[in-house]
**Q** 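Before anything else, here's the structure in question.
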Number of protein chains: 2
Amino acid sequence: MSDFTRPGGTRAIARDAVRARISEVAVDLFDEHGFDNVTVEQIAAAVGVSPRSVHRYFPAKEDTVIGDPAGWGEHVRDQLVARPSDEPIWDALLASYEALLATPGRNETQGKKAMRVLGTTPALRARNLEKHLLWARMLTPVVTERLDGDDRTLRAETIVQASLACFDIALTTWAEANSSDSALELLRRSFGALQPTA
Amino acid sequence: MSDFTRPGGTRAIARDAVRARISEVAVDLFDEHGFDNVTVEQIAAAVGVSPRSVHRYFPAKEDTVIGDPAGWGEHVRDQLVARPSDEPIWDALLASYEALLATPGRNETQGKKAMRVLGTTPALRARNLEKHLLWARMLTPVVTERLDGDDRTLRAETIVQASLACFDIALTTWAEANSSDSALELLRRSFGALQPTA
DNA sequence: GCCAAAAGTGGCAGAGACTGACAGATTAGA
DNA sequence: TCTAATCTGTCAGTCTCTGCCACTTTTGGC
């Protein structure tokens with residue numbers, strides 16, 4: 001086993017499992033009663049842990065829905081770095097987001113429910129936007145390097161934020177019940193709306 | 001004087017003055033000590049009112065910096081509606097934001113300080129982006145009407161959010177100390193970053 | 001299998017944001 | 001001047017979130 005042991009080991013597995021369980025229960029409760037009508041104490045009771053432990057896994061109540069922003073942000077950034085440098089920036093960004101959507105670890109039903117809850121509560125939307133700001137800080141330097149000419153930073157920030165808006169709109173639309181399109185398809189269309197001439 | 005009396009009268013004037021005063025004091029304190037290191041109680045004491053009254057004027061502590069989102073959003077929407085219908089959508093949006101920046105009522109120094117504070121605290125940035133979501137809900141229907149073809153709503157949402165991102169980036173960059181460009185100029189450049197072919 | 005070190009957990013106390021209810025003060029308008 | 005609407009402060013309370021300490025469980029070396 002020792003050659004198999006990675007930083008963390010079984011402990012990390014247990015931790016991830018508890019974390020996922022809390023998130024699942026919380027989203028279910030929020031979906032049924034509304035975010036503001038569910039207390040951390042109730043979530044803790046439903047899971048079978050103390051309120052103190054819930055706050056240990058998630059710094060803020062909102063994070064039970066959002067998850068770990070930094071992790072996925074790094075994922076997108078790594079994808080972007082790996083794209084060929086002569087590829088148009090918008091194509092590279094689209095491909096990077098697509099890779100994130102294709103990640104197998106994501107539970108479709110649970111993810112959709114989380115997005116739905118997210119859309120109904122201002123506090124959650126705000127926290128989600130904070131995640132986007134974190135992503136933007138990671139992606140902007142990479143995009144800046146791909147640009148030429150004046151105002152590289154300003155233009156990079158604009159492009160990154162606009163692409164994140166596309167990503168957000170695609171997922172939000174996808175979470176709505178009547179939408180039969182895949183998130184991937186919606187993402188492509190949203191990107192297309194910013195490049196009418198391409 | 002009676003012919004001068006508008007709905008609200010002197011009471012509304014006093015109310016607006018108190019509101020402005022609280023906001024001003026709060027921003028100053030945040031700028032000096034950091035948003036998280038200033039309590040509502042301290043703001044109240046500095047102004048000379050009770051903490052309860054601060055919460056009466058501003059539902060959340062963050063709102064002391066952000067101000068009234070709905071009002072300015074309506075302003076932008078009205079501007080947009082007034083634009084000629086054959087004008088390209090991006091030009092119309094740019095002109096609408098420019099009109100907002102040109103509004104005389106805005107205090108330059110205080111506004112810049114508020115934007116600076118806003119940029120240093122994630123919670124504030126997020127709350128500010130929530131304001132943008134409110135604006136988006138107002139602007140999207142107007143933009144949708146100007147579009148033809150498929151996916152009008154999705155495309156309208158994308159365009160509106162992207163333009164709001166430009167607006168945010170322009171103001172944030174403008175608030176940074178080393179920037180000598182006007183907010184208007186930055187806004188134009190940010191818009192330009194999304195239309196390389198135009 | 002045993003034992004120290006590390007990590008996880010729960011309970012407690014407390015700060016801080018925010019809300020509802022009530023009573024007193026202030027002001028607008030008849 | 002008088003009445004009614006409005007404003008304000010005080011109080012009590014809920015909820016989120018954090019540090020602290022004691023206790024239990026797990027890990028890794030012997």
**Q** Kindly point out which of C/dA21, C/dG10, C/dA17 is positioned nearest to the side chain of B/K61?
**A**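 Nucleotide nearest to B/K61's side chain: C/dA17.
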
**Q** Just the rounded figure in Å: distance from P of C/dG8 to CZ of A/R21.
**A**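 Between P of C/dG8 and CZ of A/R21: 20 Å.
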
**Q** Under 4.0 Å, counting only non-hydrogen atoms across every strand here, what does B/P59 touch: a base, just sugar-phosphate, or nothing?
**A**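 Sugar-phosphate contact only.
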
**Q** Which listed nucleotide (C/dT9, D/dT16, C/dA21) is nearest to the side chain of A/Y57?
**A**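 Looking only at side-chain atoms, A/Y57 lies closest to C/dT9.
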
**Q** Taking the nucleotide of DNA chain C with the nearest heavy atom to each, does B/A60 or B/R56 sit closer to the 5' end?
**A**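 This one resolves to B/A60.
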
**Q** Using a cut-off of 4.0 Å on non-hydrogen atoms, how would the nucleic acid contact of A/E62 be classed: base, sugar-phosphate, or nothing?
**A**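 Here A/E62 touches the backbone only, sparing every base.
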
**Q** Just one of B/T120, B/T64, B/N37 clears the side-chain contact (heavy atoms from CB on, under 4.5 Å) bar with B/F30, so which one?
**A**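 Among B/T120, B/T64, B/N37, the one meeting side-chain contact (heavy atoms from CB on, under 4.5 Å) with B/F30 is B/T64.
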
**Q** D/dC15, D/dT18, C/dG10: which one has an atom nearest the side-chain heavy atoms of A/T39?
**A**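 Among D/dC15, D/dT18, C/dG10, the one nearest the side chain of A/T39 is D/dC15.
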
**Q** Can you find a donor-acceptor pair, distance only, under 3.5 Å between A/R52 side chain and C/dG8 base?
**A**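 No.
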
**Q** Inspect the surroundings of CD in B/E185 and state if more than 12 heavy atoms from other residues, nucleotides or ligands are less than 6.0 Å away.
**A**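 Correct, the count exceeds 12.
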
**Q** Where the side chain of B/R11 is concerned, which of C/dA17, C/dT27, C/dA6 is the nearest nucleotide?
**A**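 Selected nucleotide: C/dT27.
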
**Q** Taking the side chain of B/R15 as its heavy atoms from C-beta onward, which of C/dG16, D/dG9, D/dC7 lies nearest to it?
**A**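 Closest nucleotide to the B/R15 side chain: D/dC7.
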
**Q** Between D/dT16, D/dT10, C/dA17, which nucleotide gets closest to the side-chain atoms of A/V40?
**A**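 For the A/V40 side chain, the nearest candidate turns out to be D/dT16.
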
